[in-house]
Amino acid sequence: MDFKTNIRHGAAIKQIVTLELIDAAGGATPLETELGYNPRDPFAVSATFNTIAGDVRWTFGRDLLIGGLYEPTGDGDVHVWPCMDSEGEPVVIIELCSPDGEALVQARTDEITTFVERMTAAVAPGAETDYMD
């Protein structure tokens, strides 16, 4: 079985990261989050936030996460862009909007880069349709 076939039939990628939930005053609350990518749904990435109320899962286009490392991306419910935190460290900002409210989280750029590199090693950008049933 070749690598591509093996990926197609499983091999989901998961990575635990600590995001910071940014409040209206600019304060940051740590939020354990699992980033996930499954080649069976090759255009999507998920973020499962571990909250006091239970797990909250968002699924959005992987291209937003890839592009958001370098420039502002998104025009709907999810926006991603590079930034610097209050200590001058590079972060990636993810803004999530729904009828129930909005959330602004930031992640260390190196953690998001590691996840994106793993994801794009599994399925290269532009090759997503090769992994669809």
Report the distance from atom [atom1] of [X] to atom [atom2] of [Y], rounding to the nearest 0.5 Å.
X    : Y    : atom1 : atom2 : result
E111 : L19  : CD    : CG    : 8.0 Å
L96  : L104 : CG    : CG    : 8.5 Å
I16  : L35  : CD1   : CG    : 8.0 Å

Hey, are the side chains of [X] and [Y] touching, using non-hydrogen atoms and a 4.5 Å cut-off?
X   : Y   : value
E89 : M84 : no
V92 : L69 : yes
T73 : H79 : no
T48 : T33 : no
E34 : S46 : no
F49 : E32 : no
W58 : V45 : no

* L31: which of N50, V17, T51 passes side-chain contact (heavy atoms from CB on, under 4.5 Å) -> T51

* **Qualifying residue for side-chain contact (heavy atoms from CB on, under 4.5 Å) with R62, from D41, V116, V123** => V123

So which atom in [X] and which in [Y] form the shortest heavy-atom distance, rounded to 0.1 Å?
X    : Y    : value
P82  : P72  : CD-N, 4.1 Å
A11  : P39  : O-CD, 3.9 Å
G68  : V80  : CA-CG1, 3.6 Å
R108 : D110 : NH2-OD2, 2.6 Å
I13  : M119 : CD1-CA, 3.8 Å

Between the main-chain N or O of [Y] and the side-chain N or O of [X], is there a donor-acceptor pair closer than 3.5 Å?
X    : Y    : answer
Y37  : P42  : yes
T109 : P90  : yes
R118 : T113 : no

* Asked: More than 12 heavy atoms of other residues, nucleotides or ligands under 6.0 Å from CG of D55: is that the case?
  -> yes

Does [X] share a hydrophobic cluster with [Y], counting links as ILVMFWY side-chain heavy atoms below 4.5 Å and allowing steps through other members?
X   : Y   : value
I94 : L21 : yes
V91 : Y70 : no
W81 : I66 : no
L64 : V56 : yes

* Asked: Checking side chain to side chain contact (heavy atoms under 4.5 Å, CB included) for the pair E20/V105: CA distance, chi angles, key distance, verdict?
  -> CA-CA 5 Å; E20 292 182 315; V105 295; over 6 Å; no

